[in-house]
Amino acid sequence: MTTLRAFTCDDLFRFNNINLDPLTETYGIPFYLQYLAHWPEYFIVAEAPGGELMGYMHYSKSAAALMLCVFTVMGKAEGSVAREEWHGHVTALSVAPEFRRLGLAAKLMELLEEISEKKGGFFVDLFVRVSNQVAVNMYKQLGYSVYRTVLEYYSASSGEPDEDAYDMRKALSRDTEKKSVIPLPHPVRPEDIE
């Protein structure tokens, strides 16, 4: 049975291999610690029986061949209440390849949405590579829509051009008129994002 629990500092040493997924953004340890300190309720891990991490942003396997799959979601609350922009933001979501298509990502997204509802958010948003159609389609199935395209949001490596991102959103119950998900008619640049 899968257990959902709070992410701990020790998990930082258990999720390295998931970072090898080319669609997973990687960050330095101080970045993760900042999220853990400021938004611990948004930092959730799924753990399989036997201690394998199944979900979060990363997964890893220990040297002893104990499967450690991280399937978690990392997010935060941000924005302005006065401008109806207070929202939950999905910073990272990744599932180890061997644990995909089990509904783990959907469950973690549901938890993040519930937390954002309790915090009075108007919507939940996330950024996803335009080329990652598997993720785009999954988010659409979960009720997210493309709010805007962000040009050259993801930095490329090895001389390739930077990649655009979709800013996808899902309105929460506080946004009764669904204003937060009305798509922008034109793309924006990363520096234009608040």
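- Within the 4.5 Å cutoff, side-chain heavy atoms of M138 are placed close to those of L93.
- Side-chain atoms of E84 do not come within 3.5 Å of backbone N or O of F122 as any donor-acceptor pair.
- Atom NZ of K170 and atom OG of S180 lie 11.5 Å apart (nearest 0.5 Å).
- Annotation for R189: atom CZ counts as buried by contact number, over 12 foreign heavy atoms lying within 6.0 Å.
- One distance of note links OG of S173 with CD of E113; it measures 11.0 Å at 0.5 Å rounding.
- The heavy-atom pair separating D175 from V181 by the smallest distance is OD2-N, 4.5 Å.
- Enclosure of atom NZ in K140 is not indicated, since only 12 or fewer non-hydrogen atoms of other residues, nucleotides or ligands lie within 6.0 angstrom.
- The distance from atom CG of L102 to atom NZ of K107, rounded to the nearest 0.5 Å, is 14.5 Å.
- Contact of the V128 side chain with the Y144 side chain is not registered, since no non-hydrogen atoms from C-beta on lie closer than 4.5 Å.
- Linking Ile, Leu, Val, Met, Phe, Trp and Tyr whenever their side-chain heavy atoms come within less than 4.5 Å leaves V130 and Y154 in two separate clusters.
- Under the 4.5 Å side-chain heavy-atom criterion for ILVMFWY residues, a single connected hydrophobic cluster contains both I115 and L36.
- Atom CG of residue L184 and atom OG1 of residue T149 lie 9.5 Å apart, to the nearest 0.5 angstrom.
- By the 6.0 Å contact criterion, CD on Q133 is enclosed, its count of non-hydrogen atoms from other residues, nucleotides or ligands being greater than 12.
- No donor-acceptor pair closer than 3.5 Å links the side chain of E163 to the backbone N or O of R129.
- Using modelled atom types, no side-chain atom of K119 and backbone atom of G88 make a donor-acceptor pair closer than 3.5 Å.
- Atom CG of L126 is separated from atom OG1 of T91 by 10.0 Å, given to the nearest 0.5 angstrom.
- In this structure a side-chain-to-backbone donor-acceptor pair under 3.5 Å is present from D164 to E152.
- Grouping the Ile, Leu, Val, Met, Phe, Trp and Tyr side chains by contacts below 4.5 angstrom, directly or via other members, places Y147 apart from L142.
- The main-chain N or O of G120 is found under 3.5 Å from a side-chain atom of R174 such that the two form a donor-acceptor pair.
- The aromatic rings of F123 and H87 sit parallel to each other, their planes meeting at less than 30°, with 60° as the upper class boundary.
- Under a hydrophobic clustering in which Ile, Leu, Val, Met, Phe, Trp and Tyr are joined whenever their side-chain heavy atoms come within less than 4.5 Å, directly or via other members, V90 and L172 fall into the same cluster.
- Residues C9 and L33 are in side-chain contact: their nearest non-hydrogen atoms beyond the backbone lie under 4.5 Å apart.
- L112 is not connected to F127 by any chain of hydrophobic side-chain contacts under 4.5 Å among Ile, Leu, Val, Met, Phe, Trp and Tyr, and they are in different clusters.
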